[in-house]
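Before any comments, here is the structure.
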Amino acid sequence: MTTATDSPQDQGFRLSQLIYDTRYRAITIQVIAMIAFMLIAAFLIRNTIINLSALGKDIDFGFLFNRAAYDINQKIIPYSSDDPHWRATLVGLLNTLLIALLGCILATIIGVIAGVLRLSKNWLTAKIMTFYVESFRNIPVLLWILAFMAVLSEALPTPRAFRGETPSASMWLWDSVAVTNRGTYVPSPIWGEGSVFVVITFLLSLLGIWAFGKYAKRRFEATGDILPSFWIKLAIFFVPTVLVYFLLGRPVTLSYPELKGFNFSGGLHMRNSMLALWLALSFYTGSFIAEIVRSGILAISKGQTEAAFALGLRPSRTMNLVILPQALRVIIPPLISQYLNLTKNSSLALAVGYMDLRSTLGGTTLNTTGRELECMLLMMLIYLIVSLFISSGMNVYNKSVKLKER
Amino acid sequence: MKKSVFLGALTLAGLAAGTAMAQDSSTLAAVKERGVLKCGVNPGTPGFAAPDANGKFVGFDVDVCRAVAAAVLGDSEAVEYTPLTSAVRFTALASGEVDMLARNTTWTFSRDVDLKNTFVGVNYYDGQGFMVPKDLGVSSAKELGGATVCIETGTTTELNLADYFRVNNMEYEPVPVESFTEAQTQFLAGACDVYTTDASALAASRASFETPDDYVVLPEIISKEPLGPLVRHGDDNWGDVVRWSLNAMIAAEEYGVTSANAAELASGTDNPEINRLLGVEGELGAMLGLDNDWALNILTQVGNYGESFEKNIGENTPVGLARGLNAQWTEGGLIYSPPFR
Ligand SMILES: N[C@@H](CCC(=O)N[C@@H](CS)C(=O)NCC(=O)O)C(=O)O
């Protein structure tokens with residue numbers, strides 16, 4: 001090596017090389033930066049620890065095992081005020097995950113529709129979508145959350161309005177759905193004896209639909225026959241489940257919301273805090289996704305569409321087979337950050353009283369135990385883990401749609 | 001990756017800096033040097049602490065801040081008020097953002113011992129109550145099974161409520177809210193059937209409604225809520241200053257010293273206790289590290305306990321609270337100052 005270049009003859013390593021020799025300089029700078037960074041970090045950590053002990057506080061996560069003593073309204077797993085703080089944290093985390101999941105799904109649906117429609121040739125549609133995107137994108141999401149909540153709790157009738165001889169409000173859909181300013185009550189299934197079989201049958205028919213799809217495709221490729229697959233799939237979806245359901249004597253029944261005492265009871269209670277948060281986060285993030293979808297579609301050159309048309313593909317097939325597969329490659333990476341944003345923005349939940357991780361661990365638990373540092377660190381760690389899971393999951397999907405070079 | 005490390009460091013820096021401020025050993029010296037007292041108050045509970053038409057904080061709790069400022073700085077207006085929600089108040093105090101809290105805060109064991117606060121006294125003996133719309137037809141808290149209840153997070157209220165309903169085997173639906181204003185909005189919109197908090201705050205809140213007569217406060221009081229000012233653990237001298245500023249107001253009422261006659265009495269009376277209080281006799285002020293007219297300043301600028309009570313929350317104000325438990329001990333109440341001696 002050395003003989004190939006005209007560097008000074010084997011003089012050994014001199015210290016000045018660390019600064020003047022470009023081969024070493026980069027490393028030198030990095031090492032210095034690293035040391036400086038670690039010094040600052042050490043100083044801050046030391047300072048924190050000293051100050052905490054000056055206040056008479058230590059770092060101790062034992063409080064997680066003490067009785068929480070507060071109630072949580074929306075709980076996916078059983079919880080009472082007798083349970084410890086870690087369980088309250090778990091209830092909060094599950095609520096965070098629920099809102100993140102529902103939010104990402106709805107935001108994607110809204111975003112894709114709005115993004116495609118914004119490119120519509122219909123002037124009014126395109127303008128309406130532009131208006132939607134710009135208004136949501138440019139107003140802080142907290143204000144949207146509060147606005148949705150205000151509309152839901154001020155504009156909708158109270159449960160009391162459903163009472164009396166001439167109630168001023170009535171239920172929807174043949175008395176099965178009650179929309180009130182405390183939430184929406186919808187019928188929920190009661191899983192009676194034997195309902196497992198109905199569920200199993202249903203899952204099996206989903207499997208059947210998938211298998212049939214494969215079969216139809218293979219057959220199409222082999223013989224060119226196109227089966228009326230939509231109708232067959234529809235039949236597989238419904239017929240076996242309905243059959244088993246009646247054969248077993250209708251094991252699954254519905255519980256309808258009923259006005260009892262102060263509130264509706266029975267059915268599934270979707271609280272306004274959840275609805276407001278869900279809708280606000282979805283519409284807000286949806287406006288960003290709309291832009292991502294739009295730019296993804298615009299990124300595919302017009303020549304592709306024209307070429308597809310020239311080959312005789314119908315517009316829907318052009319979209320599905322030519323444009324979308326290519327657009328997805330552009331869309332997915334920024335979409336991941338939108339999902340992450342939505343998940344993190346859900347920590348604004350306390351503003352409307354939705355009991356998420358921030359409201360349980362970072363709210364009431366923090367307040368009643370006074371363990372600010374512990375709660376904050378734990379909460380940051382949990383959000384970090386959740387975010388990493390989401391992005392690694394999405395990255396797997398991204399790989400599957402990436403340009404495959406053959 | 002580098003960026004997130006950087007942000008993480010910033011966060012830690014914030015934490016470290018926040019607690020670093022708590023280190024200054026003498027709050028009294030810091031307040032004197034700054035020339036203004038930083039006092040944490042309620043953002044807006046009429047009668048206790050709320051901005052008036054000019055944006056100036058007034059109220060019964062605010063008067064405690066003013067008394068301390070009068071004692072330390074000789075000027076009851078030298079206060080910088082920091083409105084704090086229930087949830088952030090202790091953090092604000094611990095981090096040194098405020099010098100003291102006078103924010104209807106319940107004195108409890110864990111707040112005193114575990115959260116490292118020092119409660120210096122009680123300025124209002126309260127208890128948790130329930131308010132409902134009259135047309136709900138409820139006459140007792142025992143009939144509230146199944147109700148939707150608005151509660152503020154980070155309060156003792158939240159914990160009392162959970163216990164009360166569990167002990168009485170009743171179900172309820174908690175609606176957590178972050179502030180007093182939001183609780184009222186939700187309650188008035190009927191998004192909850194019941195609003196529960198300290199009875200004094202219920203009265204204050206009801207008084208601010210457009211039609212107060214449509215709402216009733218139920219007879220049950222489910223807890224003890226001794227509300228009082230507090231400071232950080234570890235600065236006993238500062239704790240003494242706040243404690244005795246409050247006691248000066250209380251003792252003054254007992255001895256009949258008011259804002260009107262304090263200056264006159266300060267020329268000397270035949271009651272040695274009054275003389276010591278007003279600095280005519282003894283060196284009580286100096287012992288606290290204050291001027292000897294510290295209590296005189298409180299009384300001329302703020303008034304005694306009873307005056308502050310009547311002016312802000314008494315029966316002739318919209319809040320309309322009776323003295324009840326908060327009468328002087330000589331009148332059958334619990335308000336009692338240790339002797340000035
Ligand atoms: N005394 C209870 C409750 C105190 C409390 O926070 N009360 C509410 C109702 S008056 C309040 O002050 N809210 C003011 C606000 O957050 O705006 C405690 O110390 O935890």
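- Heavy atoms closer than 4.5 Å to chain B are found in the side chain of A:Asp82, but not in its backbone.
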Should B:Asp114 and A:Arg371 be marked as a side-chain contact (heavy atoms from CB on, under 4.5 Å) after you check the CA-CA gap, both sets of side-chain angles, and the distance that decides it?
CA-CA 10 Å; B:Asp114 194 30; A:Arg371 298 271 168 198; 4.3 Å; yes
Does the pair B:Asp163 and A:Arg67 meet the rule for a salt bridge (charged side-chain N to carboxylate O under 4.0 Å, His left out), with working shown? CA-CA 12 Å; B:Asp163 286 349; A:Arg67 181 170 178 267; 3.5 Å; yes
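- Of the two parts of A:Thr369, only the backbone, made up of N, CA, C and O, holds a non-hydrogen atom closer than 4.5 Å to a non-hydrogen atom of chain B.
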- Task: Could you walk me through whether A:Arg182 and B:Glu173 pass the salt bridge (charged side-chain N to carboxylate O under 4.0 Å, His left out) test, one step at a time?
- Result: CA-CA 10 Å; A:Arg182 292 178 190 175; B:Glu173 159 91 17; over 6 Å; no
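- Proximity to chain A (any heavy atom under 4.5 Å) is shown, for B:Leu161, by neither the backbone nor the side chain.
- Looking at B:Glu182, the atoms closer than 4.5 Å to chain A (heavy atoms on both sides) all sit in the side chain, from C-beta outward.
- For A:Arg46, no part sits under 4.5 Å from any heavy atom of chain B, backbone or side chain.
- Only the side chain of A:Ser81 comes within contact range of chain B, judged by heavy atoms closer than 4.5 Å.
- Ranked by heavy-atom pairs shorter than 4.5 Å toward chain B, the options A:Asn181, A:Asn272, A:Thr368, A:Thr158 are led by A:Asn181.
- Residues A:Phe262 and B:Val194 have side chains not in contact (no heavy-atom distance under 4.5 Å, counting atoms from C-beta outward).
- Judged by distance alone, the side chains of A:Asn367 and B:Thr153 never bring a donor and an acceptor atom under 3.5 Å apart.
- Contact annotation: the side chain of A:Asn73 approaches that of B:Pro176 to within less than 4.5 Å [non-hydrogen atoms, C-beta and beyond].
- Residues A:Asp71 and B:Tyr172 form a side-chain contact, since some pair of their non-hydrogen atoms from C-beta on lies under 4.5 Å apart.
- Both the backbone and the side chain of B:Asp193 come within less than 4.5 Å of a heavy atom in chain A.
- Residue with the most contacts toward chain B among A:Ile49, A:Leu350, A:Leu156: A:Leu350 (heavy-atom pairs, distance under 4.5 Å).
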